[in-house]
There are 2 protein chains.
Amino acid sequence: MFSQSEENYIKAIYHLAVDSSVKGISTNAIAKKLATKASSVTDMIKKLSEKKVVVYKKYQGVTLTDFGKKTATNIIRKHRLWEVFLVEKLNFSWDEVHEVAEQLEHIKSPKLINELDIFLGFPKRDPHGDPIPDSEGNLQIIEKSLLAVLNKGEEGICVGVDDTSSEFLQFLDKQGIALGKRIKVIEKEPFDGSFLIQLEDKELSISNKIANNLYIQK
Amino acid sequence: MFSQSEENYIKAIYHLAVDSSVKGISTNAIAKKLATKASSVTDMIKKLSEKKVVVYKKYQGVTLTDFGKKTATNIIRKHRLWEVFLVEKLNFSWDEVHEVAEQLEHIKSPKLINELDIFLGFPKRDPHGDPIPDSEGNLQIIEKSLLAVLNKGEEGICVGVDDTSSEFLQFLDKQGIALGKRIKVIEKEPFDGSFLIQLEDKELSISNKIANNLYIQK
DNA sequence: AATAATTTTTAGACATGGCTAAAAATTATA
DNA sequence: TATAATTTTTAGCCATGTCTAAAAATTATT
């Protein structure tokens, strides 16, 4: 069994490993992600290494073991299932869920999480479009591309976001952009890289920055 | 904001105060309830005293302040709402909920608990028949009596249990006794104090001990 | 290659919450 | 009312998880 702190470190290392795809995750990177100090990270890493969660050699960063990865995906599974619950059942908006899910993900009860999965109808994605690992820790890979790479005339379904800040998510809400919505590129403006898109019955213009934070499934 | 440990102490003191109705709760009683040592209790009590949660004088036990009581009922509200959720939505049986609710009660999010209350339809009782405080901390007092005090021919609705051990709850399940069920006393056996009761269409005999652990609303 | 800059680790400290053992206070008993 | 028994507190120690400051190792630069 792991403490909340240990779980937070495991999750952070997993996320850093996934989206940096470098072999060893640096002490500094972990410290930055968790808003703590490098010295604290070194201490924790030693402990996780003793517990066979990570492989660690001084000055060389850390890598999750298979056991560590499984532990990480299990925490992520809990986090994302709770997010679905909060949005679907308790009227949370997608920018409000993260903080609460950060707490709920540490609740220890295998039955709880399996029953929650059943209760929610085995959702495949969380409210941000990120995939929910199954109880074995398997993550289905989703074919998705940034809206920004679509050409004029192409279209797809909105399946996720890259930036999950409140500002961005609330902006999307205001524009009527949500997961599952169909988006078609009407025009790409060469001057500023902005997009004219069709969303349901209306057309709207979105900046290049927005287009680079929205994932689409073609 | 209180730590999980602090919350556990506050809840323990509240429960001890309610069902002992003595003015000062002793260090030893708290230690026993929390399965810890008296010396640890003394330490924590000093801290809670500084935080204006309890009134404490050396060697005289503690009393919750109004603020402390409000804090306690809020934790209890969360605990009981989660219990309802687990039983009604996630197929937990009433002897499985306690341990998980002990964890869930510490989640910090006012919105979460209010929305949960709405989602569950503002339940008034938890799965053991105990009342759920409202968001102001008010507990409605329920007129209830032990089944054991009923006379031959009297009847009532099962509204709660005193003993919440798994063994007892599972025994009740096996007998078909549950909250909301109507129970009528057919016969009281003077010899061993056992009861012959009518439960729905069948009659069954229950011991005096059982009758002293079942609450009835006449 | 030598020095500078950066990263990482170590050493020592602190807060929380727990423990044991001994001292102090209270309560019970003879 | 003394003495005994019990309860409560104190003092000191430990584990977890954090921090700062300094040392050590690595990487970058001239």
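Everything numeric here is computed off the predicted structure, so don't read it as measured data. Note on naming: letters A, B, ... go to the chains in the order of the sequence lines (proteins, then strands), and numbering restarts at 1 for each one.
Screening residues 117-128 of chain B for salt bridge (charged side-chain N to carboxylate O under 4.0 Å, His left out) gives B:Arg77-B:Asp117, B:Arg80-B:Asp126 as the qualifying pairs, with residues at least two apart or on separate chains. For residues 50-60 of chain B, the pairs satisfying salt bridge (charged side-chain N to carboxylate O under 4.0 Å, His left out) are B:Glu6-B:Lys51, with sequence neighbours left out.
Counting only distance, with no hydrogens or angles, the side chain of A:Ser49 and the backbone of A:Ile45 share no donor-acceptor pair below 3.5 Å.
Between the C1' atom of D:dT26 and the NZ atom of A:Lys58 lies a distance of 14 Å, rounded to the nearest Å. Atom CE in B:Met44 sits roughly 14 Å away from atom C1' in C:dC19 (whole-Å rounding). A:Tyr9 has its OH atom 14 Å from the P atom of D:dT16, to the nearest Å. Atoms CD (B:Gln4) and C1' (C:dT16) sit 13 Å apart, rounded to a whole Å. The nearest whole Å value for the distance from the CD atom in A:Gln60 to the P atom in C:dT8 is 11 Å. Residue B:Glu6 contributes atom CD, which lies 15 Å from atom P of C:dA15 at whole-angstrom precision.
Look at A:Lys46 and you won't find any side-chain N or O under 4.0 angstrom from OP1 or OP2 of C:dT9. Neither OP1 nor OP2 of C:dT16 sits under 4.0 Å from any side-chain N or O of B:Ser5.
Counting heavy atoms from C-beta on, the side chains of B:Asn8 and B:Ile75 never come closer than 4.5 Å. B:Ile206 places a side-chain heavy atom less than 4.5 Å from the side chain of B:Leu147. Put simply, the side chain of A:Asn208 reaches to within 4.5 Å of the side chain of A:Phe195, judged on heavy atoms.
Partners of A:Tyr9 by ring-ring contact (aromatic ring centres under 6.0 Å, His included), not counting sequence neighbours: none found. With sequence neighbours left out, the side chain to side chain contact (heavy atoms under 4.5 Å, CB included) criterion links A:Lys70 to A:Glu136.
Remark: A:Ala38, A:Ser39, A:Thr42 in residues 34-43 of chain A come within less than 4.0 Å of DNA chain C through at least one heavy atom.
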Between N or O atoms, less than 3.5 Å apart, protein on one side and nucleotides 2-7 of chain C on the other: list the pairs.
none

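Ring pair B:Phe119/A:Phe119 is perpendicular by interplanar angle, where above 60° counts as perpendicular and below 30° as parallel.
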